[in-house]
Amino acid sequence: MLLSAISAIGFKEVVSSLLLTISVHNTNMMLTVVFYTISISSSIFSASGTLLVVNTRSTNVLEYKNGSIGTQVEGNVSKSREEVWLYEYNWKDKPDSYAVRVRVQSETASQEYPLLFVTRLQRGVMSWSIPQFTYTFASRTLCSFLHNLVPINGSGSESFSVDISTSSPNPVNYILKAEFVNNFEISLREHLTVTVDPAQPVYYLWRFPADEDTVLIKASSSDTELCAILSIQGTQV
């Protein structure tokens with residue numbers, strides 16, 4: 001890390017909450033994050049069944065499957081086969097902000113033929129691939145917590161899909177799991193110890209209380225030979 005300690009300041013006049021992203025572009029490292037001035041319950045929806053779409057003019061197949069939060073699933077894709085996992089869950093009874101973490105892994109994906117993941121949410125799209133560097137796994141946090149800041153609909157539910165594809169002529173296996181994130185929203189003066197790697201950045205949410213308008217965030221690490229990025233941004237409210 002180029003600096004053993006970094007800090008940042010956020011202002012309430014600009015945003016009402018902050019999304020903290022911690023990522024690293026080298027190997028594993030440990031970050032101690034301290035917040036000055038500045039979980040997840042699990043009402044789960046699950047369904048069963050698949051929808052198979054076949055192109056009659058070719059051998060290409062697109063298969064839709066229903067997934068369940070907290071359940072690990074497996075599959076395989078190739079140049080002629082693409083799979084989409086569909087998720088829906090309820091947040092009506094959740095008093096706190098939360099997020100969904102998607103974890104993926106593949107031992108057969110290669111740099112020449114990587115696995116491509118595209119996650120479609122109600123208010124955005126996120127994409128990544130594996131392998132990344134030498135990592136055969138990856139995870140991303142979906143910012144579905146905005147339900148507690150901006151109403152999306154009146155049904156009390158949200159949905160997203162994960163599209164998996166590859167250009168490989170041979171089948172590429174994968175493992176996928178979507179789960180709720182514990183302790184996603186952090187508190188004033190809360191000390192966090194976080195471990196990150198290039199394939200798995202970490203995200204946290206912090207909201208300005210009514211009596212605070214400025215925040216100072218400090219982070220330090222003993223891994224002085226590695227470089228990490230601490231990113232702070234206002235949520236889209």
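FYI, the numbering just counts along the sequence from 1.
- Here I175 sits alone; no ILVMFWY side chain lies under 4.5 Å from its own, so it joins no hydrophobic cluster.
- Residues Y87 and E158 have side chains that never bring a donor and an acceptor to within less than 3.5 angstrom of each other.
- Here the CG atom belonging to L230 is positioned 6.5 Å from the CD1 atom belonging to I217, to the nearest 0.5 angstrom.
- No side-chain heavy atom of I69 sits under 4.5 Å from any side-chain heavy atom of T71.
- Counting only heavy atoms from C-beta outward, the side chains of W128 and V102 approach each other to under 4.5 Å.
- Inter-residue side-chain proximity for Y204 and V194 is flagged as met; some heavy-atom pair is nearer than 4.5 Å.
- In this structure, I164 and L176 have side chains that are in contact, with non-hydrogen atoms separated by less than 4.5 Å.
- For the atom pair S167 OG and K79 NZ, the distance stands at 7.5 Å (nearest 0.5 Å).
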Determine all donor-acceptor pairs shorter than 3.5 Å in which one atom belongs to a side chain in residues 110-120; sequence neighbours excluded.
residue, atom, partner, partner atom, Å
S110, OG, Y113, N, 3.0
Q111, NE2, F133, O, 2.9

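- Residues E82 and S165 bring no donor and acceptor atom of their side chains to less than 3.5 Å of each other.
- The backbone N or O of N173 sits less than 3.5 Å from a side-chain atom of S106, completing a donor-acceptor pair.
- Rounding to the nearest 0.5 Å places CD of E83 at 12.0 Å from OH of Y64.
- Atom CD of E88 is separated from atom OG of S68 by 11.5 Å, given to the nearest 0.5 angstrom.
- In this structure, W85 CH2 and Y174 OH are separated by 5.5 Å, a value rounded to the nearest 0.5 Å.
- The backbone N or O of P201 lies less than 3.5 Å from no partner atom in the side chain of R140, so there is not a single donor-acceptor pair.
- Proximity of I186 to L192: side-chain heavy atoms (C-beta onward) are separated by under 4.5 Å at one or more points.
- Tested against F137, the residues D197, V104, I130 include a single side chain to side chain contact (heavy atoms under 4.5 Å, CB included) partner, D197.
- Here Y89 and F180 bring their ring centres to under 6.0 angstrom of each other.
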Checking L216 against K218 for the side chain to side chain contact (heavy atoms under 4.5 Å, CB included) test, could you report, in this order, the C-alpha distance in whole Å, the side-chain angles of both residues, the deciding distance, and whether it holds?
CA-CA 7 Å; L216 174 64; K218 293 184 177 180; 3.6 Å; yes
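- Side chains of V162 and V84 form no contact here, defined as non-hydrogen atoms less than 4.5 Å apart.
- T166 OG1 to R81 CZ: the interatomic distance, rounded to the nearest 0.5 Å, is 13.5 Å.
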